[in-house]
Amino acid sequence: MAKNITPRNEDYSKWYTDVIIQAKMADYSPVKGSMVIRPTGYAIWELIQQNLDKMFKETGHVNAYFPLLIPESFMEKEAEHVEGFAPECAVVTHGGGKKLEENLYIRPTSETIIWSMYKKWIMSYRDLPILINQWANVIRWEMRTRLFLRTSEFLWQEGHTAHETAEEAEEETLKMLNVYKKFAEEYLAIPVIAGKKSDSEKFAGAVHTYCIEAMMQDKKALQAGTSHNLGQNFAKAFDVQFQAKDGERKFVYATSWGVSTRLIGALIMTHSDDNGLVIPPKLAQRPVVIIPIFKNDDEKVKVMAFADSIFAELKEEYNVIMDDREKHKPGFKFAEWELQGIPIRIEIGPKDVEKNHVVMVRRDLMKKEFIGRDVIFETVKKQLAQMQVDLLEKARIFREENSFNVDNYDELKKIVTNEEGFVYAHWCGSTECEEKVKTETKATIRCIPFDREEEKGVCICCGKDSDRRVVFAKAY
RNA sequence: CGGGGUGUAGCGCAGCCCGGUUAGCGCACCUGCCUUGGGAGCAGGGGGUCGGAGGUUCGAAUCCUCUCACCCCGACCA
(Lines give C-alpha, C1' and ligand atoms only; values in the text may rest on other atoms or scores of the structure.)
Protein backbone atom coordinates (compact mmCIF):
# COMPACT_ATOMS: atom_id res chain seq x y z
CA MET A 1 0.00 0.00 0.00
CA ALA A 2 0.86 3.68 0.04
CA LYS A 3 2.24 4.01 -3.41
CA ASN A 4 4.61 6.92 -3.87
CA ILE A 5 6.01 6.71 -0.36
CA THR A 6 9.42 5.13 0.08
CA PRO A 7 9.34 2.85 3.17
CA ARG A 8 11.28 4.12 6.16
CA ASN A 9 13.59 1.14 6.37
CA GLU A 10 14.56 1.60 2.74
CA ASP A 11 15.53 5.27 2.82
CA TYR A 12 14.52 7.33 5.82
CA SER A 13 15.19 10.74 4.38
CA LYS A 14 13.44 9.90 1.12
CA TRP A 15 10.49 8.70 3.18
CA TYR A 16 10.43 12.02 5.02
CA THR A 17 10.35 14.03 1.81
CA ASP A 18 7.78 11.71 0.23
CA VAL A 19 5.41 12.09 3.17
CA ILE A 20 5.57 15.87 2.97
CA ILE A 21 5.15 16.10 -0.77
CA GLN A 22 2.51 13.36 -1.07
CA ALA A 23 0.49 14.64 1.88
CA LYS A 24 0.62 18.08 0.26
CA MET A 25 2.09 19.67 3.38
CA ALA A 26 4.66 21.67 1.46
CA ASP A 27 6.25 22.09 -1.94
CA TYR A 28 9.56 23.35 -3.25
CA SER A 29 9.51 27.01 -4.23
CA PRO A 30 11.35 28.49 -7.21
CA VAL A 31 14.02 29.82 -4.86
CA LYS A 32 16.56 27.27 -3.76
CA GLY A 33 16.25 26.36 -0.12
CA SER A 34 12.87 27.89 0.46
CA MET A 35 9.52 26.18 0.53
CA VAL A 36 5.83 26.81 0.19
CA ILE A 37 3.83 25.65 3.20
CA ARG A 38 0.58 24.28 1.80
CA PRO A 39 -2.75 24.26 3.65
CA THR A 40 -2.25 20.78 5.14
CA GLY A 41 1.06 21.81 6.64
CA TYR A 42 0.00 25.31 7.54
CA ALA A 43 -3.04 24.01 9.45
CA ILE A 44 -0.62 22.32 11.83
CA TRP A 45 1.41 25.49 12.20
CA GLU A 46 -1.76 27.45 12.98
CA LEU A 47 -2.59 25.11 15.83
CA ILE A 48 0.98 25.25 17.09
CA GLN A 49 0.71 29.04 17.07
CA GLN A 50 -2.69 29.19 18.72
CA ASN A 51 -1.83 26.85 21.56
CA LEU A 52 1.65 28.16 22.22
CA ASP A 53 0.44 31.73 22.04
CA LYS A 54 -2.11 30.96 24.69
CA MET A 55 0.61 29.54 26.91
CA PHE A 56 2.74 32.64 26.35
CA LYS A 57 -0.15 34.91 27.33
CA GLU A 58 -0.80 32.80 30.41
CA THR A 59 2.79 33.41 31.49
CA GLY A 60 2.41 37.15 31.10
CA HIS A 61 3.77 37.76 27.63
CA VAL A 62 2.41 40.08 24.95
CA ASN A 63 2.89 40.09 21.20
CA ALA A 64 4.47 42.78 19.04
CA TYR A 65 6.07 43.01 15.64
CA PHE A 66 9.53 44.26 14.79
CA PRO A 67 10.67 44.88 11.21
CA LEU A 68 12.35 42.48 8.83
CA LEU A 69 15.23 44.76 7.87
CA ILE A 70 18.10 45.46 10.23
CA PRO A 71 20.84 48.08 9.69
CA GLU A 72 24.24 46.51 9.17
CA SER A 73 25.70 48.56 12.02
CA PHE A 74 23.32 46.89 14.49
CA MET A 75 24.59 43.47 13.58
CA GLU A 76 28.13 44.55 14.34
CA LYS A 77 27.42 45.80 17.84
CA GLU A 78 27.46 42.46 19.59
CA ALA A 79 30.74 40.83 18.60
CA GLU A 80 29.85 37.19 19.21
CA HIS A 81 26.49 37.69 17.62
CA VAL A 82 27.81 39.06 14.35
CA GLU A 83 30.44 36.35 14.27
CA GLY A 84 27.76 33.72 14.73
CA PHE A 85 25.33 35.03 12.17
CA ALA A 86 27.05 37.18 9.57
CA PRO A 87 28.02 34.30 7.26
CA GLU A 88 24.46 33.08 6.96
CA CYS A 89 22.70 36.37 6.42
CA ALA A 90 21.00 37.72 3.35
CA VAL A 91 21.85 41.39 2.83
CA VAL A 92 19.91 44.03 0.92
CA THR A 93 22.27 46.38 -0.89
CA HIS A 94 19.91 48.20 -3.22
CA GLY A 95 16.59 49.93 -2.88
CA GLY A 96 14.61 52.17 -5.19
CA GLY A 97 17.10 51.40 -7.93
CA LYS A 98 20.01 52.86 -6.00
CA LYS A 99 22.76 51.43 -3.85
CA LEU A 100 21.93 51.96 -0.19
CA GLU A 101 23.99 54.19 2.11
CA GLU A 102 23.97 51.39 4.65
CA ASN A 103 23.34 47.74 3.88
CA LEU A 104 20.26 46.19 5.44
CA TYR A 105 20.32 42.68 6.86
CA ILE A 106 17.27 40.51 6.57
CA ARG A 107 16.79 39.36 10.15
CA PRO A 108 18.29 35.98 11.01
CA THR A 109 16.80 36.69 14.48
CA SER A 110 15.71 39.98 16.00
CA GLU A 111 17.85 40.55 19.08
CA THR A 112 19.63 43.57 17.64
CA ILE A 113 16.64 45.51 16.35
CA ILE A 114 14.69 44.72 19.49
CA TRP A 115 17.43 45.82 21.84
CA SER A 116 17.89 49.07 19.95
CA MET A 117 14.23 49.74 20.72
CA TYR A 118 14.37 48.53 24.29
CA LYS A 119 17.05 51.17 24.84
CA LYS A 120 14.43 53.80 24.05
CA TRP A 121 11.73 52.22 26.15
CA ILE A 122 13.57 51.34 29.32
CA MET A 123 14.39 54.14 31.75
CA SER A 124 13.59 52.83 35.20
CA TYR A 125 13.02 49.60 37.06
CA ARG A 126 9.34 50.52 36.77
CA ASP A 127 9.57 49.74 33.03
CA LEU A 128 10.66 46.20 33.78
CA PRO A 129 10.16 43.44 33.07
CA ILE A 130 9.41 43.65 29.36
CA LEU A 131 7.93 40.38 28.15
CA ILE A 132 7.45 40.58 24.40
CA ASN A 133 7.02 37.84 21.86
CA GLN A 134 6.76 38.07 18.12
CA TRP A 135 5.59 35.66 15.43
CA ALA A 136 7.71 36.24 12.37
CA ASN A 137 9.71 34.88 9.49
CA VAL A 138 13.50 34.91 9.44
CA ILE A 139 16.13 34.09 6.85
CA ARG A 140 19.36 32.18 7.30
CA TRP A 141 21.35 31.31 4.23
CA GLU A 142 21.74 27.59 4.81
CA MET A 143 24.07 25.49 2.72
CA ARG A 144 21.99 22.37 2.86
CA THR A 145 18.26 22.55 3.31
CA ARG A 146 15.48 20.11 4.05
CA LEU A 147 11.75 20.70 4.07
CA PHE A 148 10.63 22.04 7.47
CA LEU A 149 13.87 21.02 9.20
CA ARG A 150 16.12 23.58 7.65
CA THR A 151 14.99 26.04 5.03
CA SER A 152 16.46 29.43 4.26
CA GLU A 153 13.31 31.19 5.29
CA PHE A 154 11.29 29.80 8.15
CA LEU A 155 8.48 30.84 10.46
CA TRP A 156 8.97 31.00 14.18
CA GLN A 157 8.23 32.89 17.32
CA GLU A 158 10.91 34.71 19.23
CA GLY A 159 10.39 35.90 22.76
CA HIS A 160 12.60 38.75 24.00
CA THR A 161 12.47 39.76 27.60
CA ALA A 162 14.25 42.31 29.77
CA HIS A 163 14.67 42.01 33.54
CA GLU A 164 16.09 43.79 36.55
CA THR A 165 18.17 40.94 37.88
CA ALA A 166 20.19 37.99 36.73
CA GLU A 167 17.99 35.70 38.81
CA GLU A 168 14.81 36.90 37.14
CA ALA A 169 16.34 36.39 33.72
CA GLU A 170 17.43 32.89 34.60
CA GLU A 171 14.00 32.12 35.97
CA GLU A 172 12.35 33.39 32.80
CA THR A 173 14.71 31.35 30.61
CA LEU A 174 13.85 28.16 32.43
CA LYS A 175 10.16 28.99 32.65
CA MET A 176 9.93 29.26 28.89
CA LEU A 177 11.94 26.12 28.36
CA ASN A 178 9.35 24.41 30.49
CA VAL A 179 6.55 25.87 28.42
CA TYR A 180 8.22 24.32 25.37
CA LYS A 181 8.64 20.98 27.06
CA LYS A 182 5.03 20.96 28.12
CA PHE A 183 3.86 21.95 24.66
CA ALA A 184 6.04 19.34 22.97
CA GLU A 185 4.73 16.57 25.15
CA GLU A 186 1.07 17.57 25.53
CA TYR A 187 0.39 18.79 22.02
CA LEU A 188 3.02 17.44 19.66
CA ALA A 189 3.14 14.20 21.67
CA ILE A 190 6.92 14.31 21.38
CA PRO A 191 8.87 13.34 24.51
CA VAL A 192 11.80 15.70 24.95
CA ILE A 193 14.93 15.92 27.05
CA ALA A 194 15.31 19.35 28.61
CA GLY A 195 18.81 20.45 29.37
CA LYS A 196 21.63 22.90 28.95
CA LYS A 197 23.82 23.32 25.89
CA SER A 198 27.58 23.03 26.14
CA ASP A 199 29.53 26.24 25.46
CA SER A 200 30.31 25.29 21.89
CA GLU A 201 26.65 24.60 21.08
CA LYS A 202 25.21 27.69 22.74
CA PHE A 203 23.67 30.65 20.92
CA ALA A 204 25.96 33.42 19.67
CA GLY A 205 25.85 36.08 22.38
CA ALA A 206 24.20 34.02 25.11
CA VAL A 207 25.46 33.26 28.61
CA HIS A 208 23.56 29.98 28.76
CA THR A 209 21.46 28.20 26.20
CA TYR A 210 18.86 25.64 27.23
CA CYS A 211 17.08 23.32 24.85
CA ILE A 212 14.68 20.49 24.38
CA GLU A 213 15.94 17.55 22.36
CA ALA A 214 13.85 14.83 20.76
CA MET A 215 14.67 11.48 19.20
CA MET A 216 13.41 10.90 15.69
CA GLN A 217 12.47 7.47 14.31
CA ASP A 218 15.91 7.12 12.73
CA LYS A 219 17.33 7.56 16.25
CA LYS A 220 18.92 10.90 15.46
CA ALA A 221 18.44 13.90 17.72
CA LEU A 222 16.48 16.98 16.76
CA GLN A 223 16.61 20.20 18.70
CA ALA A 224 12.99 21.22 19.03
CA GLY A 225 13.28 24.47 20.95
CA THR A 226 15.78 26.79 22.62
CA SER A 227 15.76 29.29 25.43
CA HIS A 228 18.67 31.63 26.04
CA ASN A 229 19.81 33.54 29.06
CA LEU A 230 21.57 36.47 27.40
CA GLY A 231 22.83 38.01 30.62
CA GLN A 232 23.84 41.62 30.08
CA ASN A 233 25.54 41.04 26.73
CA PHE A 234 22.91 42.72 24.58
CA ALA A 235 22.18 45.40 27.15
CA LYS A 236 25.85 46.34 27.11
CA ALA A 237 26.10 46.20 23.33
CA PHE A 238 23.06 48.44 22.97
CA ASP A 239 23.62 50.42 26.15
CA VAL A 240 20.33 49.56 27.76
CA GLN A 241 20.45 50.80 31.34
CA PHE A 242 17.80 51.52 33.90
CA GLN A 243 17.72 53.34 37.17
CA ALA A 244 17.15 50.94 40.04
CA LYS A 245 15.22 51.57 43.23
CA ASP A 246 18.42 52.55 44.97
CA GLY A 247 19.10 55.16 42.29
CA GLU A 248 21.97 53.29 40.73
CA ARG A 249 22.16 52.82 36.94
CA LYS A 250 22.36 49.18 35.87
CA PHE A 251 22.36 47.18 32.68
CA VAL A 252 19.24 45.04 32.21
CA TYR A 253 19.28 41.27 31.97
CA ALA A 254 17.83 39.61 28.89
CA THR A 255 16.42 36.37 27.59
CA SER A 256 15.28 35.12 24.22
CA TRP A 257 13.55 31.91 23.25
CA GLY A 258 12.08 30.39 20.14
CA VAL A 259 10.52 27.49 18.32
CA SER A 260 9.99 27.26 14.59
CA THR A 261 8.23 25.43 11.78
CA ARG A 262 10.90 22.81 12.38
CA LEU A 263 8.45 21.46 14.96
CA ILE A 264 6.38 20.22 12.04
CA GLY A 265 9.38 18.24 10.84
CA ALA A 266 9.77 16.82 14.33
CA LEU A 267 6.13 15.86 14.41
CA ILE A 268 6.41 14.05 11.09
CA MET A 269 9.59 12.20 12.02
CA THR A 270 8.23 11.15 15.40
CA HIS A 271 4.80 9.79 14.53
CA SER A 272 4.32 9.21 10.83
CA ASP A 273 4.56 5.83 9.14
CA ASP A 274 4.87 4.20 5.73
CA ASN A 275 1.26 5.09 4.95
CA GLY A 276 1.92 8.78 5.41
CA LEU A 277 1.39 11.48 7.96
CA VAL A 278 0.10 10.87 11.48
CA ILE A 279 -1.17 13.98 13.25
CA PRO A 280 -1.66 14.05 17.02
CA PRO A 281 -5.35 14.82 17.60
CA LYS A 282 -4.69 18.10 19.42
CA LEU A 283 -2.95 19.45 16.33
CA ALA A 284 -5.43 18.11 13.79
CA GLN A 285 -7.69 20.85 12.49
CA ARG A 286 -9.83 18.17 10.95
CA PRO A 287 -9.72 15.18 13.30
CA VAL A 288 -12.47 13.05 11.76
CA VAL A 289 -13.42 11.97 8.24
CA ILE A 290 -16.61 10.16 7.33
CA ILE A 291 -16.59 7.97 4.23
CA PRO A 292 -20.02 6.83 3.04
CA ILE A 293 -20.10 3.70 0.88
CA PHE A 294 -22.91 2.72 -1.51
CA LYS A 295 -23.38 1.25 -4.95
CA ASN A 296 -26.82 2.42 -6.11
CA ASP A 297 -29.30 5.18 -5.48
CA ASP A 298 -31.29 3.12 -3.06
CA GLU A 299 -28.28 2.44 -0.88
CA LYS A 300 -27.09 6.00 -1.31
CA VAL A 301 -30.28 7.42 0.18
CA LYS A 302 -30.09 5.13 3.22
CA VAL A 303 -26.37 5.49 3.80
CA MET A 304 -26.37 9.26 3.39
CA ALA A 305 -29.26 9.73 5.76
CA PHE A 306 -27.41 7.71 8.39
CA ALA A 307 -24.08 9.42 7.66
CA ASP A 308 -25.59 12.89 7.68
CA SER A 309 -27.06 12.39 11.12
CA ILE A 310 -23.68 11.29 12.45
CA PHE A 311 -22.00 14.17 10.68
CA ALA A 312 -24.40 16.64 12.26
CA GLU A 313 -23.83 15.19 15.70
CA LEU A 314 -20.04 15.24 15.47
CA LYS A 315 -20.00 18.66 13.86
CA GLU A 316 -21.17 20.14 17.14
CA GLU A 317 -17.67 19.65 18.46
CA TYR A 318 -15.38 18.56 15.67
CA ASN A 319 -14.39 19.82 12.26
CA VAL A 320 -15.58 16.69 10.45
CA ILE A 321 -14.97 15.95 6.79
CA MET A 322 -17.79 14.28 4.88
CA ASP A 323 -16.10 12.68 1.89
CA ASP A 324 -19.09 12.03 -0.35
CA ARG A 325 -17.21 12.41 -3.62
CA GLU A 326 -18.60 9.88 -6.03
CA LYS A 327 -15.77 9.88 -8.50
CA HIS A 328 -13.51 7.99 -6.09
CA LYS A 329 -13.89 4.53 -4.68
CA PRO A 330 -13.68 3.97 -0.92
CA GLY A 331 -10.25 2.35 -1.07
CA PHE A 332 -8.85 5.43 -2.69
CA LYS A 333 -10.35 7.63 -0.01
CA PHE A 334 -9.02 5.47 2.81
CA ALA A 335 -5.52 5.76 1.42
CA GLU A 336 -5.81 9.46 0.78
CA TRP A 337 -6.98 10.42 4.26
CA GLU A 338 -4.42 8.13 5.85
CA LEU A 339 -1.76 9.90 3.86
CA GLN A 340 -3.07 13.20 5.23
CA GLY A 341 -2.91 11.94 8.78
CA ILE A 342 -6.56 12.44 9.76
CA PRO A 343 -6.73 10.82 13.24
CA ILE A 344 -10.10 9.05 12.96
CA ARG A 345 -11.91 7.58 9.96
CA ILE A 346 -15.51 6.49 10.05
CA GLU A 347 -16.71 4.15 7.29
CA ILE A 348 -20.44 3.81 6.72
CA GLY A 349 -21.85 1.29 4.24
CA PRO A 350 -25.26 -0.35 3.73
CA LYS A 351 -24.40 -3.20 6.08
CA ASP A 352 -23.52 -0.75 8.84
CA VAL A 353 -26.77 1.15 8.44
CA GLU A 354 -28.64 -2.13 8.74
CA LYS A 355 -26.82 -3.07 11.92
CA ASN A 356 -26.96 0.45 13.31
CA HIS A 357 -23.22 0.81 13.72
CA VAL A 358 -20.18 2.23 11.90
CA VAL A 359 -16.60 1.13 11.26
CA MET A 360 -14.08 3.32 13.04
CA VAL A 361 -10.33 3.32 12.41
CA ARG A 362 -7.68 5.19 14.35
CA ARG A 363 -4.86 6.42 12.15
CA ASP A 364 -2.09 5.24 14.48
CA LEU A 365 -3.52 1.74 15.00
CA MET A 366 -5.10 1.11 11.58
CA LYS A 367 -7.52 -1.38 13.10
CA LYS A 368 -11.19 -1.50 12.13
CA GLU A 369 -13.73 -1.57 14.94
CA PHE A 370 -17.50 -1.59 14.94
CA ILE A 371 -19.00 1.21 17.00
CA GLY A 372 -22.70 1.32 17.87
CA ARG A 373 -24.64 4.32 16.59
CA ASP A 374 -25.46 5.70 20.01
CA VAL A 375 -21.88 5.71 21.30
CA ILE A 376 -20.16 7.22 18.26
CA PHE A 377 -19.76 10.68 19.70
CA GLU A 378 -18.33 9.56 23.01
CA THR A 379 -16.10 6.99 21.29
CA VAL A 380 -14.64 9.63 19.01
CA LYS A 381 -13.96 11.82 22.00
CA LYS A 382 -12.41 8.99 23.96
CA GLN A 383 -10.31 7.69 21.08
CA LEU A 384 -8.94 11.12 20.17
CA ALA A 385 -7.82 11.62 23.76
CA GLN A 386 -6.40 8.11 23.92
CA MET A 387 -4.54 8.49 20.64
CA GLN A 388 -2.92 11.67 21.92
CA VAL A 389 -1.68 9.79 24.99
CA ASP A 390 -0.65 6.69 23.07
CA LEU A 391 1.44 8.60 20.55
CA LEU A 392 3.47 10.21 23.31
CA GLU A 393 3.90 6.94 25.12
CA LYS A 394 4.92 5.07 22.00
CA ALA A 395 7.53 7.70 21.23
CA ARG A 396 8.77 7.64 24.81
CA ILE A 397 9.21 3.88 24.77
CA PHE A 398 11.05 4.09 21.46
CA ARG A 399 13.42 6.67 22.89
CA GLU A 400 14.07 4.69 26.06
CA GLU A 401 14.73 1.54 24.08
CA ASN A 402 17.34 3.40 22.09
CA SER A 403 19.10 5.24 24.91
CA PHE A 404 22.14 3.78 26.61
CA ASN A 405 24.38 4.47 29.54
CA VAL A 406 27.90 4.03 28.26
CA ASP A 407 31.20 4.10 30.13
CA ASN A 408 33.79 3.40 27.51
CA TYR A 409 34.73 5.35 24.47
CA ASP A 410 34.69 2.49 21.97
CA GLU A 411 31.15 1.64 22.83
CA LEU A 412 30.06 5.26 22.48
CA LYS A 413 31.73 5.34 19.12
CA LYS A 414 30.09 2.13 18.03
CA ILE A 415 26.61 3.26 19.04
CA VAL A 416 26.72 6.69 17.52
CA THR A 417 28.44 5.70 14.28
CA ASN A 418 25.91 2.93 13.73
CA GLU A 419 23.16 5.40 14.55
CA GLU A 420 21.74 3.26 17.28
CA GLY A 421 20.48 6.06 19.47
CA PHE A 422 21.32 8.35 22.37
CA VAL A 423 24.33 7.76 24.57
CA TYR A 424 24.42 8.97 28.17
CA ALA A 425 28.08 9.27 29.09
CA HIS A 426 30.27 11.15 31.53
CA TRP A 427 32.00 14.28 30.33
CA CYS A 428 34.52 16.44 32.12
CA GLY A 429 33.14 19.69 30.72
CA SER A 430 36.06 20.61 28.48
CA THR A 431 35.61 21.80 24.94
CA GLU A 432 38.62 19.71 23.88
CA CYS A 433 36.95 16.44 24.82
CA GLU A 434 33.69 17.52 23.23
CA GLU A 435 35.52 18.44 20.03
CA LYS A 436 37.41 15.18 19.98
CA VAL A 437 34.24 13.12 20.18
CA LYS A 438 32.65 15.27 17.52
CA THR A 439 35.45 14.89 15.00
CA GLU A 440 35.95 11.20 15.66
CA THR A 441 32.33 10.09 15.81
CA LYS A 442 30.26 12.95 14.33
CA ALA A 443 28.18 12.90 17.50
CA THR A 444 27.66 16.07 19.48
CA ILE A 445 26.64 16.74 23.03
CA ARG A 446 22.94 17.40 22.61
CA CYS A 447 22.54 18.68 26.12
CA ILE A 448 23.38 18.31 29.75
CA PRO A 449 20.02 16.94 30.90
CA PHE A 450 18.21 18.32 33.93
CA ASP A 451 16.38 15.21 34.98
CA ARG A 452 19.41 13.00 35.52
CA GLU A 453 20.67 12.59 39.03
CA GLU A 454 24.22 13.53 39.81
CA GLU A 455 26.49 10.57 39.58
CA LYS A 456 30.24 10.31 40.08
CA GLY A 457 32.20 9.04 37.14
CA VAL A 458 35.05 9.78 34.81
CA CYS A 459 35.04 11.58 31.46
CA ILE A 460 34.60 9.08 28.67
CA CYS A 461 37.24 10.90 26.70
CA CYS A 462 40.02 12.06 29.03
CA GLY A 463 39.28 10.16 32.27
CA LYS A 464 39.01 13.22 34.49
CA ASP A 465 36.33 13.39 37.20
CA SER A 466 32.78 14.08 36.13
CA ASP A 467 29.63 14.38 38.19
CA ARG A 468 26.97 13.84 35.57
CA ARG A 469 26.18 12.19 32.30
CA VAL A 470 25.43 14.16 29.16
CA VAL A 471 23.58 13.11 26.01
CA PHE A 472 25.67 12.32 22.95
CA ALA A 473 23.96 11.73 19.60
CA LYS A 474 24.07 12.43 15.94
CA ALA A 475 21.85 15.36 15.26
CA TYR A 476 19.89 16.97 12.47
C1' C B 1 33.56 25.16 -2.38
C1' G B 2 35.08 19.72 -3.50
C1' G B 3 32.90 14.65 -5.37
C1' G B 4 28.69 12.37 -8.08
C1' G B 5 24.23 12.83 -11.00
C1' U B 6 19.99 14.80 -13.78
C1' G B 7 17.57 18.31 -17.26
C1' U B 8 12.32 15.45 -22.91
C1' A B 9 3.95 17.15 -21.35
C1' G B 10 1.82 18.88 -14.48
C1' C B 11 4.75 14.52 -12.21
C1' G B 12 7.88 10.05 -13.15
C1' C B 13 10.60 8.28 -17.20
C1' A B 14 12.13 5.87 -22.33
C1' G B 15 14.42 7.48 -26.79
C1' C B 16 20.62 9.66 -27.21
C1' C B 17 25.86 5.18 -27.63
C1' C B 18 24.73 4.11 -33.68
C1' G B 19 21.54 11.58 -36.38
C1' G B 20 16.53 10.26 -40.68
C1' U B 21 8.36 9.36 -40.64
C1' U B 22 4.00 13.35 -37.23
C1' A B 23 9.03 12.54 -30.25
C1' G B 24 6.85 8.06 -27.15
C1' C B 25 5.16 5.47 -22.37
C1' G B 26 3.01 5.41 -17.20
C1' C B 27 0.48 8.47 -13.72
C1' A B 28 -2.33 12.90 -13.43
C1' C B 29 -5.98 16.01 -16.29
C1' C B 30 -10.81 16.62 -19.59
C1' U B 31 -15.55 13.99 -21.86
C1' G B 32 -18.77 9.79 -21.74
C1' C B 33 -20.25 4.97 -20.10
C1' C B 34 -19.70 1.85 -16.10
C1' U B 35 -18.39 1.21 -11.01
C1' U B 36 -18.13 1.92 -5.19
C1' G B 37 -16.46 -2.46 2.04
C1' G B 38 -8.56 -1.03 0.64
C1' G B 39 -5.64 3.23 -4.40
C1' A B 40 -11.50 0.08 -10.50
C1' G B 41 -12.39 -0.69 -15.92
C1' C B 42 -13.39 0.69 -21.11
C1' A B 43 -13.60 4.31 -25.07
C1' G B 44 -12.33 9.00 -26.71
C1' G B 45 -9.50 13.66 -25.91
C1' G B 46 -6.15 17.95 -24.60
C1' G B 47 -1.30 19.05 -23.41
C1' G B 48 6.01 19.47 -25.76
C1' U B 49 10.02 26.15 -28.21
C1' C B 50 13.36 17.94 -25.99
C1' G B 51 17.01 23.49 -19.85
C1' G B 52 19.51 27.73 -22.88
C1' A B 53 23.08 29.60 -26.68
C1' G B 54 26.26 28.52 -30.52
C1' G B 55 28.33 24.94 -33.94
C1' U B 56 28.76 20.30 -37.35
C1' U B 57 25.18 18.33 -41.06
C1' C B 58 20.84 17.97 -46.61
C1' G B 59 18.75 16.79 -41.69
C1' A B 60 20.03 17.29 -34.37
C1' A B 61 16.27 15.32 -28.41
C1' U B 62 20.50 12.40 -30.45
C1' C B 63 27.26 14.54 -32.24
C1' C B 64 30.73 18.93 -30.53
C1' U B 65 31.60 23.58 -27.56
C1' C B 66 29.95 26.86 -24.03
C1' U B 67 26.31 28.07 -20.43
C1' C B 68 22.35 27.79 -16.79
C1' A B 69 19.50 25.26 -13.30
C1' C B 70 18.38 21.62 -9.91
C1' C B 71 19.20 17.08 -6.98
C1' C B 72 22.38 13.68 -3.96
C1' C B 73 27.06 13.04 -0.80
C1' G B 74 30.86 15.94 2.38
C1' A B 75 32.60 21.17 5.39
C1' C B 76 27.99 25.58 8.66
C1' C B 77 23.09 25.62 11.40
C1' A B 78 16.72 26.28 14.69
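Chain A is the first sequence line, chain B the second, and so forth, proteins listed ahead of strands; every chain is numbered from 1. This one's a predicted model, so the numbers in the text were calculated from it and none came from an experiment.
In this structure, the CZ atom of A/Arg363 is 14 Å from the C1' atom of B/G38, given to the nearest Å. For A/Asp297 and B/U36, the CG to P distance is 13 Å, given to the nearest whole Å. When the P atom of B/U36 is taken as reference, atom CE of A/Met304 falls 17 Å away, rounded to whole Å. If you measure from atom NZ of A/Lys329 to atom P of B/U35, you get 11 Å, rounded to the nearest angstrom. B/G38 atom P lies 19 Å from atom NZ of A/Lys367, rounded to whole Å. One can place CD of A/Gln157 at 11 Å from C1' of B/A78, the figure rounded to the nearest angstrom. Rounded to an integer number of Å, the gap from A/Glu326 CD to B/C34 P is 13 Å.
Ranked by how close their nearest RNA chain B nucleotide is to the 5' end, A/Phe334 and A/Arg140 are led by A/Phe334. Taking the nucleotide of RNA chain B with the nearest heavy atom to each of A/Phe370 and A/Tyr476, the more 5' of the two is matched to A/Phe370.
B/U35 sits 7 Å from B/A40 when the C1' atoms are compared, rounded to a whole Å. The gap from the C1' atom of B/A14 to that of B/A9 amounts to 14 Å, rounded to the nearest Å. Spacing of P atoms, B/C64 relative to B/C72, comes out at 28 Å, to the nearest Å. Rounded to whole Å, the separation between the P atoms of B/C66 and B/G24 comes to 33 Å. Rounded to whole Å, the separation between the C1' atoms of B/C11 and B/C17 comes to 28 Å. Taking the C1' atom of each, B/C73 and B/G55 are spaced 35 Å apart, rounded to whole Å. Look at the P atom in both B/C76 and B/G19: the space between them is 49 Å, to the nearest Å.
Judged by distance alone, with hydrogens and angles left aside, A/Lys368 brings a side-chain donor or acceptor within reach of the base of B/G38, the pair sitting under 3.5 Å. Contact of A/Glu338 with B/G38 (side chain to base): a donor-acceptor pair of N or O atoms is detected under 3.5 Å.
For the pair A/Arg262 and A/Phe154, the cation-pi criterion (under 6.0 Å, within 45° of the ring axis) is not fulfilled. Both cation-pi conditions hold for A/Lys436 and A/Tyr409: the charged atom is under 6.0 angstrom from the six-membered ring centre and inside a 45 degree cone around its axis. Relative to the six-membered ring of A/Tyr476, A/Arg146 misses at least one condition, a distance below 6.0 Å or an angle of at most 45° to the axis.
In this structure, A/Glu354 does not pair ionically with A/Lys302, as no charged nitrogen and carboxylate oxygen lie closer than 4.0 Å. Residues A/Asp364 and A/Lys394 are not paired through a salt bridge, judged by the lack of any N-O separation under 4.0 Å between the basic side chain and the carboxylate.
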Legend entry - Structure string for RNA chain B in dot-bracket form, Watson-Crick and G-U at under 3.5 Å, | interchain: ((((((((.[[[[.)....(...]]]].(((((.......))))).....[[[[[..)....]]]]])))))))....
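A side-chain donor-acceptor contact under 3.5 Å links A/Tyr180 to the backbone of A/Gly258.
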Inset, instruction - Go along nucleotides 70-76 of chain B 5' to 3' and tag each nucleotide: B for a protein heavy atom under 4.0 Å from its base, S when only backbone or sugar atoms are that close, - otherwise. - result: SS-SSBB
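Each of A/Lys414, A/Lys220, A/Lys474, A/Lys219 was compared with A/Glu420 under the salt bridge (charged side-chain N to carboxylate O under 4.0 Å, His left out) criterion, and only A/Lys414 meets it.
The stretch residues 207-217 of chain A has no heavy atom under 4.0 Å from RNA chain B, so no residue of it qualifies as close.
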